[in-house]
Participant: 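The structure is given below, and queries will be raised subsequently.
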Amino acid sequence: MLAGLLVLLFLAGMVFSTTRTALPIFREAGLSFFTSTDWQPTAGHYGALAFIYGTVVTSAIALVVGVPLSLGVALFLTEISPRRIRGPLTYLVDLLAMVPSVVYGLWGILFLLPHFLQPVAVFLNRYLGFIPFFRGPVSGLSYFGAGIVLAVMIIPIVSSLSREVFSAVPVEDRHAAYALGATRWEMIRGAVLSRGRAGVVGAVMLGMGRAFGETIAVALLIGSRPEVSVSFLQPGYSMAAVIANTFQEANGSGIAALVAIGVVLFVITIIVNMVARALVWRFVR
Amino acid sequence: MNGIDAAIPVAGESTLNRWTDERVASGRRWRNRLMAGFMGAALAVSVSVVGLILLYVVKAGLGAMSWEFLTQPPPYSYRLEGGGFVNGLIGTAIMLVFATVVSAPMGVMAAVYLAEYGGKGTLAKLIRFFSDVMTGVPSVFVGLFVYTALVTSFGFGASMGAIALTIIMLPIIIRSSEEMLRLVPRDLKDASHALGASKSQTIVRVVLPSAAPGISTGVMLAVARAAGETAPLILTILGAQAIVTKLWDEAIAALPLQIFDGARNPFAAGVERAWAGALELVVIVLAFTLLARLLASRSRI
Amino acid sequence: MRNRNGSRALKTLLVAGLVMGLLGMVVTGCGGSTTTTTAPPATEAASPATTSAPSTTETTAAPLSASLTGAGATFPGPLYTEWIGAFQKDNPGVTINYQAIGSGGGIQQFSQGTVDFGASDAPMKDEEITAAEAKSGAKALHIPTVFGAVTVTYNVAGLDSLKLDNDTLAGIFLGDIKTWNDAKIVALNPGAKLPGDPIQVVHRSDSSGTTDIFTSYLTEVSPTWKEKVGKGKEVKWPVGVGGQGNKGVAAVVQQQPGSVGYVELTYATESKLPVAELKNKAGTFVKPTLESTSAAAKGASFPADLRFSVANSDQPEAYPIVGATWILAWDKMQDPAKAQALKAWLTWSLNNGTDIATQLGYAPLPDDLKALALAKVDAIQ
């Protein structure tokens with residue numbers, strides 16, 4: 001009956017096995033692992049900054065675009081939608097979570113890139129090009145492209161968790177807000193959003209964890225360029241993507257270096273997840 | 001009156017709502033409508049993205065789908081059209097069966113421990129918490145783990161991929177099964193105990209059977225999730241062109257890997273196969289999801 | 001629920017478990033008619049198959065029976081794939097699985113012993129050989145198979161032919177030449193319809209022999225390139241987006257208008273992408289073709305270990321960026337059945353595979369080199 005221990009065992013095994021492989025890299029590269037963009041494992045240069053930066057930037061884009069959408073969806077479904085269509089609509093949005101990430105990638109690169117990402121990137125550059133984030137030259141394969149697809153991928157997670165959080169707000173609170181003469185939006189802002197804030201933050205962080213760890217769709221759309229660019233319309237790289245793209249052909253120290261990136265990614269996502277779980281648990285339980 | 005005003009927010013609340021709406025200042029009312037409009041738009045965007053993805057996958061996939069695609073491996077040529085992904089389908093099936101056979105019993109046992117024995121103990125809390133955390137571990141990291149711990153000694157193969165999928169499925173099964181076990185009513189267990197059954201008898205004869213449909217739902221959802229995993233497979237099974245049915249020591253193909261390959265393929269024939277493969281994979285995942293729903297609707301504890 | 005029959009519900013669990021297994025095989029396959037014949041994994045799983053040696057006969061006269069795994073260069077990927085397909089038709093007992101993951105990966109997996117043979121378009125370095133041989137205890141053999149051209153392919157609407165010299169080529173890939181209507185490109189292509197769009201450079205993101213061939217050439221012909229970038233299987237690219245493998249680069253060029261990349265000839269022709277004519281050492285503009293690739297192999301000299309280079313040939317009709325590609329094999333293989341199969345496949349390919357090679361635009365080895373290569377194949381035991 002102690003099969004549950006296996007989970008802890010797996011987790012411990014993961015940490016141990018990967019850290020052991022990665023340790024020489026951390027020791028050799030030291031801080032430069034986090035501060036340098038010079039990534040040439042065969043030559044002994046292990047600067048992973050470009051990948052860390054890419055992961056952070058694409059996830060940030062995903063959150064900025066995806067979170068308002070997710071909250072809008074969650075609020076619509078819990079507060080506005082007539083009961084009759086709530087079920088089917090919920091199911092439709094949850095379908096987004098069932099689409100495998102490789103299908104997102106395929107769809108992203110063959111459909112979204114030419115029909116949406118490229119034109120929008122050109123548009124942003126033309127009219128907002130004076131902002132450094134949208135400076136040219138424009139590349140469709142970019143932080144922006146990967147971030148948008150990530151935004152779509154986090155919608156089902158963030159919206160379904162926030163939906164749970166919103167439904168957990170007591171009816172009495174809503175009644176109280178209406179009794180004070182609030183409009184529906186004022187009720188939502190005053191009663192639902194403020195009561196559920198911790199839970200929503202947790203949901204957003206879980207979405208962030210997903211965005212950090214997403215591999216395949218990002219690998220296809222980010223442009224595979226190990227550099228740091230301020231402009232979102234430039235190609236970049238992410239931690240998960242570089243592992244998936246270059247693992248098979250890496251040599252000894254190259255593999256260790258990729259494992260080191262994996263360990264960093266793991267530590268970040270674990271921290272984000274632990275905080276998020278704690279927040280969501282506090283609310284929903 | 002637009003949609004938002006007509007909708008019923010909380011049961012029995014409509015009259016009150018209308019009363020406020022008529023008296024509020026126009027600025028507030030305007031903001032109310034704006035925000036409602038935004039929510040509606042957010043939903044519309046999300047739903048239309050679902051529609052776009054599914055429509056496009058179905059449209060492009062059906063164009064390349066054929067009996068041959070479902071039953072043949074890809075041709076030994078980048079140039080030629082025809083052939084299919086049956087080798088990947090077989091690889092995916094082998095790994096899913098292996099991973100399910102291992103992770104389902106283990107996961108259910110762990111869940112039984114959590115729900116029936118562990119209670120609020122520190123160990124149970126720890127397991128529960130880390131299972132939740134493990135569902136958030138990037139799947140590519142699971143692949144890295146299996147590579148560093150096993151593939152370096154045993155070589156690429158179906159079993160390696162299956163182990164990675166097991167690790168991904170296990171926490172999902174544990175957590176969903178525990179929820180289901182907790183829903184089994186107290187009275188039922190008490191009745192069993194009253195009849196003189198021991199705790200383990202109660203669990204095997206009463207608790208597990210009544211939670212069975214719910215547990216199966218969780219397992220199905222875990223399978224659906226595992227079926228689409230790509231990243232860990234890159235690091236554990238390598239991919240293959242022929243039909244491979246060995247568990248050990250031979251690289252094997254998988255459906256998601258073949259689609260991934262097709263997404264970075266300039267050859268028209270390869271891209272077509274990738275679309276058909278995407279359709280096949282989406283159908284598989286949805287089939288398991290629907291099955292999960294079906295089982296869930298049967299479970300009325 | 002209240003009075004559900006316990007055993008019935010237990011059955012549900014069992015059935016669910018069974019359905020699981022079956023679904024994986026049948027339902028989800030949307031009807032794989034061959035599943036009954038092709039998927040007996042249960043029986044396969046039952047036999048332990050513990051070591052790398054499948055139960056095979058050791059007699060050489062018996063039909064070949066082995067399954068080989070190889071990994072490496074994407075440059076000859078289309079060719080090896082077809083060679084394997086054709087060879088397996090005549091030798092149904094042999095299964096060869098070649099994964100085109102990049103030359104760096106090929107050398108890596110070969111040295112680690114995770115595959116039976118490797119493939120690379122850059123010969124292994126001395127220290128790589130020393131390390132790999134120390135690990136395996138056998139000698140690493142370089143067996144050349146074909147020559148191929150690394151072409152500069154592009155995606156510009158309405159531009160079917162393009163001439164580039166070394167300076168311009170280096171300038172584009174250095175990022176100094178930023179738009180398609182740059183004066184240098186216009187000067188080489190009078191009358192061509194060159195748009196003012198930015199140039200999007202596409203390079204390899206993996207460790208690649210094609211990159212090695214391409215950057216070695218640029219290093220030889222452009223001092224600026226040599227100083228700023230240098231050569232190798234992976235370099236620090238000044239501009240551009242990365243693509244995975246020759247396939248990936250060709251795919252990105254195809255998907256992104258205004259882009260330019262370097263791929264092996266087959267990848268460009270089979271993807272219907274145009275290729276640029278390059279100015280060779282003799283000063284003529286040459287289109288990459290089978291003939292201009294073969295011409296480059298003329299007059300090259302081959303050391304005993306067959307690690308040679310044919311880049312930047314001085315033959316007047318030769319395309320300048322040409323490279324050979326090698327199969328990497330151990331002279332002593334642990335499993336005799338695998339050794340026999342590998343020898344048979346390589347011998348067949350070098351002798352009978354030339355038609356497929358030329359169809360795909362790879363230049364077969366000249367006779368003298370072929371004899372040397374076959375001698376290496378014979379050394380496999």
Participant: Under 4.5 Å between any side-chain heavy atoms of C:Val252 and A:Leu141, yes or no?
Facilitator: yes
Participant: For chain C, find which of A:Gln234, A:Arg225, A:Gln40 contributes the most heavy-atom pairs closer than 4.5 angstrom.
Facilitator: A:Arg225
Participant: For C:Gln256 and A:Ser139, what are the C-alpha separation, side-chain angles and deciding distance, and is it a side chain to side chain contact (heavy atoms under 4.5 Å, CB included)?
Facilitator: CA-CA 8 Å; C:Gln256 293 250 299; A:Ser139 166; 3.9 Å; yes
Participant: A quick test of your reading: do over 12 heavy atoms of other residues, nucleotides or ligands sit less than 6.0 Å from CZ of A:Phe123?
Facilitator: no
Participant: What residue, out of C:Ser207, C:Gly102, C:Gly106, has the most heavy-atom pairs lying under 4.5 Å from chain A?
Facilitator: C:Ser207
Participant: Counting only heavy atoms not in A:Phe111 (residues, nucleotides, ligands), do more than 12 fall under 6.0 Å from its CZ?
Facilitator: yes
Participant: Side chain, backbone, both or neither: which part of A:Ile255 has a non-hydrogen atom closer than 4.5 Å to chain C?
Facilitator: side chain
Participant: How far does OG1 of A:Thr246 sit from CD of C:Glu234, to the nearest 0.5 angstrom?
Facilitator: 8.5 Å
Participant: Side-chain contact, heavy-atom cut-off 4.5 Å: A:Pro226 with C:Trp237?
Facilitator: no
Participant: C:Gly240 and A:Pro235: which non-hydrogen atoms are nearest, and at how many Å?
Facilitator: O-CG, 4.0 Å
Participant: With rounding to the nearest 0.5 Å, note down the distance linking CZ in A:Phe247 to CD1 in C:Ile101.
Facilitator: 10.5 Å
Participant: Sort A:Leu220 into side chain, backbone, both or neither according to what part of it lies under 4.5 angstrom from a heavy atom of chain C.
Facilitator: neither
Participant: Can you tell me if CZ on A:Arg135 sees more than 12 non-hydrogen neighbours from other groups inside 6.0 Å?
Facilitator: no
Participant: Excluding sequence neighbours, so at least two apart, what forms salt bridge (charged side-chain N to carboxylate O under 4.0 Å, His left out) with C:Lys236?
Facilitator: A:Glu227
Participant: Among C:Ile107, C:Val239, C:Thr114, which has the most heavy-atom pairs under 4.5 Å with chain A?
Facilitator: C:Val239
Participant: Heavy-atom distances under 4.5 Å only: say whether A:Gln118 touches chain C with side chain, backbone, both or neither.
Facilitator: side chain
Participant: If you count heavy-atom pairs within less than 4.5 Å of chain A, which of C:Pro238, C:Gly72, C:Ala131, C:Gly232 leads?
Facilitator: C:Pro238
Participant: Can you find a pair of side-chain heavy atoms, one from A:Val138 and one from C:Gln200, that are under 4.5 Å apart?
Facilitator: no
Participant: Could you grab the distance from atom OG of A:Ser224 to atom CZ of C:Arg204, nearest 0.5 Å is fine?
Facilitator: 11.5 Å
